[in-house]
Amino acid sequence: MIVSVIVDVESKQINRVFDYLVPEHFKQTVRPGMRIIVPFGPRKVQGFVIHTKHESDVDPGRLKPFDDIVDVKPALTSELLALAEWLTDHTLCLQVTALKSMLPAAMRAAYDKRISLADDASRTNLDSALLPFFKRTGDVMWDEVKKTEPGLLKIVQKEVKNGLLTIEPVVKSRETKKRVTVIEPLLPQDQLLEKADETDARAPKQALLLRYLSKITAPAALTRLLEETGISRATVKAAVKNGWADQRQVEEYRDPYEGREFKSTEPLPLMNQQKEALDSICRSLDENEHRTYLLHGITGSGKTEVYLQAIDRALKQGKEAIVLVPEISLTPQMVHRFKERFGSDVAVLHSALSKGEKYDEWRKIRDREVTVAVGARSAIFAPFENLGMIIIDEEHETSYKQEEEPRYHARDVAVERGRTYSCPVVLGSATPSLESFARAKKGVYTLLTMGSRVNNVKLPGVRIVDMREELRNGNRSMFSTDLLDAMNDRLEKKEQMVLFLNRRGYSTFIMCRDCGYVAECPHCDISLTYHRSNQTCQCHYCGYHVTRPNRCPDCESEHIRFFGSGTQRVEEELKKVLPEARVIRMDVDTTRRKGSHEKLLTAFEKGDGDILLGTQMIAKGLDFPNITLVGVLTADTMLHIPDFRSSEKTFQLLTQVSGRAGRHKKPGEVIVQSYTPDHFSIQLVKNHDYLSFFGREMVYRRQSDYPPYFFMALINISSEDLTKVVTVSGKIGEFLRKSLAETTVVHGPAASAVPRIKDRYRYQCMVKYKTEPKLAHTLKEILKTYQTEMTRSDLAITIDTNPYMLM
DNA sequence: AGCACGCCGACT
DNA sequence: GTCGGCGTGCTC
């Protein structure tokens with residue numbers, strides 16, 4: 001018996017299957033989708049079994065048996081193995097990269113070396129630098145040595161040559177399972193009580209323990225037992241020794257929601273528009289028909305309730321469901337709604353969980369202990385085998401696109417899986433991506449529209465304030481008179497408000513007023529942001545930071561000024577103009593710690609704050625009844641980034657934040673401050689007019705050959721050597737033009753929008769096409785041509801067949 | 001990737 | 001004579 005294996009070596013040359021013999025004792029257990037440990041050249045690596053067979057094309061003498069099996073159950077189902085192949089083809093990534101991306105991070109292998117003394121006598125002759133590590137008997141792991149003294153590898157290798165040490169490569173598993181000690185009575189209840197009566201006089205603690213044991217029906221956690229009875233570990237030990245009880249370790253799933261109560265909810269009554277949407281979706285479900293629905297429902301129209309009831313129907317048919325939400329930790333409210341409706345049937349996979357917690361949630365899916373997976377992008381690979389429903393909430397969100405390899409879009413994967421399982425895929429949004437809406441209009445997707453809010457709550461009134469006008473009237477502050485008045489009004493009425501600004505830190509750039517010097521990152525072509533809390537200037541691209549200069553590094557002038565405002569600056573300013581207001585600031589800097597995000601939101605919900613000030617992360621999913629005012633401080637920052645989607649992003653963001661106001665009984669108001677108030681993506685927010693926005697934006701996309709009219713592919717070339725980047729990208733551009741059809745447009749090569757990041761120069765070529773059968777082949781050809789140069793030098797070529805980040 | 005093999009310059 | 005530089009090639 002032979003297995004074909006994709007080994008965990010990320011290199012173009014190794015991107016194919018290798019065959020291994022199956023050792024006799026594994027013949028019954030090994031199956032496709034399992035991870036195994038294989039010898040690969042001189043080392044050991046992890047590999048994925050792709051299929052089993054009885055003959056190999058490889059010379060039988062060269063076949064080696066594999067070492068071990070990692071998984072008890074296959075990590076990947078046969079469907080996911082096929083999906084990995086699809087991912088590889090569509091994103092042009094390595095097969096092993098696709099396979100690994102489907103597993104939780106805790107299941108990715110780590111490698112180490114075990115160093116042992118050749119024999120006991122070797123110790124005396126060992127290089128003195130290594131002695132501290134070999135004082136005790138037993139082996140030493142290289143990772144341990146590296147931690148204290150990374151330079152010692154040379155000496156270790158020398159001693160290997162001298163025959164004093166041996167090195168054995170090992171594959172470490174990062175999977176840690178949480179274990180708890182449990183106690184279980186070994187005697188029936190009546191005997192326990194009998195024994196308790198006997199021991200009462202001599203050993204009261206034993207008696208207490210025996211009575212406790214007589215009451216339990218399932219094994220009890222030791223820690224809890226000790227806590228509740230107040231007896232000591234020694235007492236328990238004695239009882240175990242007496243043969244009254246058994247103590248053992250059991251595996252436990254870490255429950256990130258432990259101790260939290262979710263009251264269960266019943267389906268809510270639906271409005272007509274919701275019913276119609278639900279009926280269409282359920283029809284596909286009942287008929288086992290794959291169909292992609294675009295659920296276009298304005299903010300507050302009750303999309304979530306439609307998802308919940310559609311899922312419920314799928315579960316009742318014995319099927320499973322996947323729900324994707326953008327960066328789920330950011331929308332705890334959404335998680336709660338699923339937990340409340342489906343209780344312990346839900347596994348949650350979000351970025352704020354620890355690796356171990358994610359692994360446990362993932363195992364619940366694999367072991368079929370749950371039937372619903374709610375999570376961010378990678379949850380689309382949930383290893384279900386009878387999928388009945390896939391839902392992508394806020395489908396326009398760009399976080400569904402992975403910006404590392406494999407560069408996939410969860411929406412595409414969802415449609416592919418929906419096709420395999422013949423099940424409906426529901427894309428929901430108040431502001432669909434242009435791609436999806438265009439597809440819905442063409443009939444590729446089925447459009448479902450929900451145009452009014454639940455209970456007919458009115459959409460908030462939106463006012464657009466011209467900040468140039470404010471300036472002309474002598475208001476140089478960051479708050480317009482309108483916004484300030486409105487804020488004062490809400491403070492008086494004890495109502496809450498949300499202030500939105502998509503820039504963290506304190507200021508956007510630092511400039512010397514005397515000589516015009518602007519502080520820039522020495523490793524990236526980008527200006528530094530001032531962070532007031534720790535008095536540093538930071539680069540948001542590479543993390544470089546320096547203490548703030550008091551004098552201009554160029555001309556020694558003291559007139560260093562900070563321009564533009566970030567959330568920290570606004571917070572400070574708010575303290576000045578509204579000293580009595582309680583402000584809760586929410587951005588990457590205040591939510592870095594685990595759970596802090598939710599803590600801040602709960603505080604705001606409880607009314608511990610009047611103003612919630614934040615970046616992007618407060619734009620989605622917030623649903624608090626007391627919010628009656630939303631202020632957008634600078635609507636145009638998004639508009640000026642060099643990206644053809646900038647108008648779309650601006651409109652989506654403004655509409656989303658607007659939706660945070662007046663979702664319940666109290667009417668809401670939105671004030672948008674802008675320096676370009678006449679731009680259509682800002683004007684059309686006023687009437688929440690998605691359709692007009694769609695129409696206007698499509699005209700621009702058609703004129704400029706952008707998606708959805710054209711497809712794109714982006715080739716990025718980078719190196720520390722600028723000359724190399726220029727020559728290589730030049731050749732690539734030439735090759736693209738020569739190889740592709742005449743109707744295809746090739747832009748560049750040109751320097752990227754951020755021409756240097758982390759000391760690497762970056763150039764790019766852009767391909768825009770309608771149909772291009774030769775594209776995949778041409779791009780693969782490019783990678784093949786530069787394959788050796790990429791391994792031998794620092795040259796890097798990355799290809800994105802559906803780019804969202806054009807920087 | 002990571003490791004061995006192999007062929008040329010500067011040291012005990 | 002040997003140590004070590006990194007070009008080349010291979011991994012079932």
Side-chain angles (χ1 to χ4, degrees), chain A residues 1-24 26-27 30-32 34-70 81 88 92-101 108-115 127 141-143 145-146 150-172 174 404-406 718-721 724 783-798:
Chain A
M1 193 182 183
I2 287 160
V3 281
S4 295
V5 177
I6 295 288
V7 293
D8 181 18
V9 176
E10 297 198 27
S11 156
K12 198 95 208 307
Q13 290 105 303
I14 310 302
N15 190 29
R16 59 189 173 88
V17 293
F18 286 83
D19 289 350
Y20 286 87
L21 293 168
V22 178
E24 193 58 42
F26 286 135
K27 281 191 175 154
V30 73
R31 270 186 288 157
M34 279 182 172
R35 293 170 301 156
I36 58 175
I37 310 290
V38 299
F40 195 67
R43 51 206 174 118
K44 309 281 182 196
V45 295
Q46 202 172 82
F48 290 86
V49 178
I50 301 304
H51 51 256
T52 57
K53 54 187 184 180
H54 292 284
E55 295 216 1
S56 172
D57 302 334
V58 182
D59 167 19
R62 293 175 66 200
L63 285 179
K64 290 184 192 171
F66 67 78
D67 286 5
D68 206 354
I69 292 183
V70 181
L81 286 176
T88 306
L92 303 175
C93 70
L94 300 168
Q95 293 180 67
V96 68
T97 314
L99 291 163
K100 283 206 283 189
S101 71
R108 286 169 209 165
Y111 300 95
D112 200 355
K113 301 179 184 76
R114 181 185 291 129
I115 310 168
D127 191 304
M141 299 308 284
W142 165 241
D143 270 7
V145 182
K146 200 167 72 180
L152 284 180
L153 185 61
K154 280 242 160 73
I155 300 180
V156 171
Q157 282 168 343
K158 183 191 80 186
E159 298 298 42
V160 170
K161 252 185 205 154
N162 293 339
L164 297 176
L165 295 176
T166 55
I167 288 187
E168 185 198 355
V170 288
V171 180
K172 287 198 297 192
R174 289 190 231 183
E404 301 114 58
E405 291 191 359
S718 74
S719 162
E720 285 189 26
D721 180 354
K724 186 184 277 164
L783 290 175
K784 210 166 109 193
T785 312
Y786 292 97
Q787 184 183 310
T788 36
E789 198 164 350
M790 280 162 71
T791 47
R792 298 214 202 302
S793 77
D794 76 327
L795 177 73
I797 299 172
T798 59

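Just so it is clear: chains get the letters A, B, ... in the order the sequence lines come, proteins before strands, and each one is counted from 1.
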Legend entry - Separation of atom CZ in Phe18(A) from atom C1' in dC10(C), rounded to whole Å: 9 Å
Legend entry - Rounded interatomic separation in angstrom, taking CZ from Arg43(A) and P from dT11(C): 13 Å
Legend entry - Interatomic distance where CD1 belongs to Ile2(A) and C1' belongs to dC12(C) [whole Å]: 10 Å
Inset, instruction - Indicate, with a heavy-atom threshold strictly under 4.0 Å, whether Ile14(A) touches base, sugar-phosphate, or nothing. - result: base
Inset, instruction - Would you mind reading off the distance between Leu63(A) atom CG and dT11(C) atom P, rounded to a whole angstrom? - result: 12 Å
Inset, instruction - Please work out if Phe40(A) contacts a base, only the sugar-phosphate, or nothing of the nucleic acid, heavy-atom cut-off 4.0 Å. - result: base
Inset, instruction - Report yes if at least one side-chain N or O of Arg792(A) is closer than 4.0 Å to OP1 or OP2 of dC6(C); otherwise report no. - result: no
Legend entry - Whole-Å distance separating the CZ atom of Arg16(A) from the C1' atom of dC10(C): 9 Å
Legend entry - Tyr20(A) OH to dC12(C) P, straight-line distance once rounded to whole Å: 5 Å
Inset, instruction - Run the salt-bridge test on Lys53(A) and Asp19(A) with the 4.0 Å N-O cut-off and return the result as yes or no. - result: yes
Inset, instruction - With heavy atoms under 4.0 Å as the rule, sort Thr791(A) into base, sugar-phosphate or nothing. - result: sugar-phosphate
Inset, instruction - Using modelled atom types only, decide if a donor and an acceptor are shared between the side chain of Tyr20(A) and the backbone of Asp67(A) within a distance under 3.5 Å. - result: no
Inset, instruction - Before giving the answer on side-chain contact (heavy atoms from CB on, under 4.5 Å), spell out for Leu21(A) and Ile2(A) the whole-Å C-alpha distance, their side-chain angles and the decisive distance to 0.1 Å. - result: CA-CA 5 Å; Leu21(A) 293 168; Ile2(A) 287 160; 4.1 Å; yes
Inset, instruction - Side chain of Pro42(A) only, please: which of dC10(C), dC3(B), dC12(C) is the nearest? - result: dC3(B)
Inset, instruction - Let me know the distance between CD1 of Ile36(A) and C1' of dC12(C), rounded to the nearest Å. - result: 11 Å
Legend entry - Separation of atom CD in Gln787(A) from atom C1' in dC10(C), rounded to whole Å: 13 Å
Legend entry - Pairwise distance OG1(Thr52(A)) to NZ(Lys27(A)) - rounded to 0.5 angstrom: 12.0 Å
